[in-house]
Number of protein chains: 2
Amino acid sequence: MEEIHLILAKNLKAFRENKKLSLEKVAELTGVSKTMIGQIERGESSPTITTIWKIANGLKISFTSLINHPQPDTQLVLRKDIQTLSEDHGRYRVYPYFPFENDKRFEVYTVEIDKGGYLSAEPHIEGTEELIVVFDGEITIRVNNDEYTLESGDSIRFKADKPHTYHNSGKSLARVNMILFYPAE
Amino acid sequence: MEEIHLILAKNLKAFRENKKLSLEKVAELTGVSKTMIGQIERGESSPTITTIWKIANGLKISFTSLINHPQPDTQLVLRKDIQTLSEDHGRYRVYPYFPFENDKRFEVYTVEIDKGGYLSAEPHIEGTEELIVVFDGEITIRVNNDEYTLESGDSIRFKADKPHTYHNSGKSLARVNMILFYPAE
DNA sequence: CGTTTTTGTACATTATAACATACATGGAAA
DNA sequence: TTTCCATGTATGTTATAATGTACAAAAACG
């Protein structure tokens, strides 16, 4: 995932070069020193919100045009490129496929739990829902003092703003797809 | 016009209190110290873009929901509340009615020029257009070595990314409405 | 070509964002 | 009450954003 200040860097530089403005000219228009403009463009600085505001106003462009980088229409994500999150002595693995970003209201994970493996999750922010589909194995989910056992092909949806646990209660590796959903307030 | 970091302050505090989260909890969710969260909420700090990004992601809300404060449906602007911009020894006055803001692509001024008054304008950013309607008096506008004389009821539209001048060529006070328009790229 | 000007970067300094720690205040529990 | 715990604020320190000046390379000019 690209860092926000690098996105800003690209957008600002692209805009400036497109308009054929010098650093000095931008400094004059925005009231931000040309040194700082240069550092921002090179990704060497994470400007404060007031600085970004000065730039957006001085250049007469929107705040978001500086921080939104156009998503490609198609995005391929290979497992080998995914950073794995493991714990319980490596007995489960979480693969973040599509992490949260700005205005998307959900994120997508895949979770593998070895036989006997156990996963305890802290409550997510209020309102969060979890949608799970089991692909392989058997999983027992405990939430709100209720226990649900799911097998391959089963699914469940629950409010995830309370503590909850996952347990591989079957005889083989369990694999599930998990969607975390954050409803708009 | 409200300062950007105060808008952020309000939005963040409103969100946190609405969700009934403590500063400490927000700090834990976002990876930003609770001291900093507190200072941001009190408007005592202009956070960097990376800090805002951490907050938006940790709270699972969009970047813009933190910086956009909802415009009221109706906005009344009285002349007495407008900050006047004068020069040429006070022989002209510029009244900024609706200044540029974020995603609006234009701003609105009224300009008064006394008899004989003269106004020289630096080029605006590339692509900028000016739309002028004359209400009273006579004005001569010079742009690109061309000269246009307008009387009450006349109007003109021109590319304002080159130097241009306004001159009250009539016998009385001249008043015009001016719109500066910044086309999207 | 050499000279001048324009443009972006390096450097040194100041202002302030960000953090860790300690403190004060206001309930809840006893 | 008294004690305890939770929450937000004040304080001191470090990291870094922001600026002004000086410099180097490239472009424009003769």
Side-chain angles (χ1 to χ4, degrees), chain A residues 2-59 61 63 66-67 122-126 161-163, chain B residues 2-59 61 63 66-67 122-126 161-163:
Chain A
E2 196 155 16
E3 299 221 31
I4 184 71
H5 73 282
L6 297 181
I7 296 174
L8 172 62
K10 281 186 190 172
N11 285 337
L12 179 54
K13 183 161 195 185
F15 177 88
R16 185 175 67 83
E17 294 185 338
N18 183 30
K19 294 282 191 198
K20 296 188 178 53
L21 300 170
S22 67
L23 288 181
E24 182 128 18
K25 186 67 186 171
V26 172
E28 180 188 314
L29 287 169
T30 61
V32 177
S33 71
K34 77 169 177 177
T35 306
M36 182 53 32
I37 301 287
Q39 287 181 6
I40 293 170
E41 284 192 355
R42 275 172 273 137
E44 295 174 10
S45 179
S46 274
T48 63
I49 192 170
T50 57
T51 299
I52 301 176
W53 186 88
K54 283 192 207 169
I55 295 174
N57 277 269
L59 299 180
I61 58 181
F63 206 106
L66 284 174
I67 58 173
E122 290 305 303
H124 303 281
I125 193 168
E126 191 220 316
D161 49 14
K162 300 205 159 47
Chain B
E2 195 155 19
E3 300 223 31
I4 183 72
H5 72 281
L6 297 180
I7 297 173
L8 173 62
K10 281 186 190 171
N11 284 338
L12 180 54
K13 182 161 196 186
F15 177 89
R16 185 175 67 83
E17 293 183 340
N18 181 29
K19 293 283 192 198
K20 296 189 178 55
L21 300 170
S22 67
L23 289 180
E24 183 129 16
K25 186 67 185 172
V26 172
E28 179 187 317
L29 287 169
T30 62
V32 177
S33 71
K34 77 170 178 178
T35 306
M36 181 53 32
I37 300 287
Q39 288 180 6
I40 293 171
E41 284 192 356
R42 276 171 273 137
E44 294 174 9
S45 178
S46 275
T48 63
I49 192 172
T50 57
T51 299
I52 301 175
W53 186 88
K54 283 192 205 168
I55 294 173
N57 277 269
L59 299 179
I61 57 181
F63 207 107
L66 284 174
I67 58 173
E122 291 303 304
H124 302 282
I125 193 168
E126 192 220 315
D161 49 14
K162 301 204 159 46

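In what follows, every heavy atom counts, from backbone to side chain, and hydrogens, waters and symmetry copies are set aside. Every chain is numbered from 1, with letters handed out A, B, ... down the list of sequences.
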To the closest 0.5 Å, what do you measure between CD1 (A:I52) and CD1 (A:I40)?
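Answer rounded to 0.5 Å: 7.0 Å.
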Rounded off to whole Å, could you give me the [atom1]-to-[atom2] distance for the [X] and [N] pair?
X     : N      : atom1 : atom2 : value
B:E28 : D:dG8  : CD    : P     : 14 Å
A:L8  : D:dA17 : CG    : P     : 12 Å
A:I55 : D:dA18 : CD1   : P     : 8 Å

Could you pull out all residues at least two apart from A:I7 that satisfy side chain to side chain contact (heavy atoms under 4.5 Å, CB included)?
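Side chain to side chain contact (heavy atoms under 4.5 Å, CB included) check on A:I7 returns A:E2, A:N11, A:H69.
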By side chain to side chain contact (heavy atoms under 4.5 Å, CB included), which residues pair with A:T35, not counting sequence neighbours?
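Testing A:T35 for side chain to side chain contact (heavy atoms under 4.5 Å, CB included), a comparison that skips the adjacent residues, returns A:S33, A:Q39.
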Restricting to non-hydrogen atoms, name the atom on B:I125 and the atom on A:L59 that form the minimum distance, rounded to 0.1 Å.
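Heavy atoms of B:I125 and A:L59 come nearest at CD1-O, 3.6 Å.
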Filter on salt bridge (charged side-chain N to carboxylate O under 4.0 Å, His left out), then keep only pairs touching residues 30-41 of chain A, sequence neighbours left out; what's left?
A:R16-A:E41, A:E24-A:K34
Can you pull out how bent the helix from C:dC1-D:dG30 to C:dA30-D:dT1 is, comparing the axes over its first five and last five pairs, to 10°?
30°
Given protein heavy atoms under 4.0 Å, the one-letter contact record of nucleotides 9-25 of chain C, with B base, S sugar-phosphate only and - none, is simply BBB-----SBBBB----
So does B:W53 get a backbone contact from the side chain of B:N57, meaning a donor-acceptor N/O pair under 3.5 Å?
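Looks like yes, one N/O pair under 3.5 Å.
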With respect to the phosphate group of C:dG8, does any side-chain polar atom (N or O) of A:R16 fall under 4.0 Å of OP1 or OP2?
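Yes, within the criterion.
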Applying ring pair (Phe, Tyr, Trp, His ring centres under 6.0 Å), name anything that partners A:H5, two or more places apart in sequence or on another chain.
none
A:V26 and A:F15, any side-chain heavy atoms less than 4.5 Å apart
no
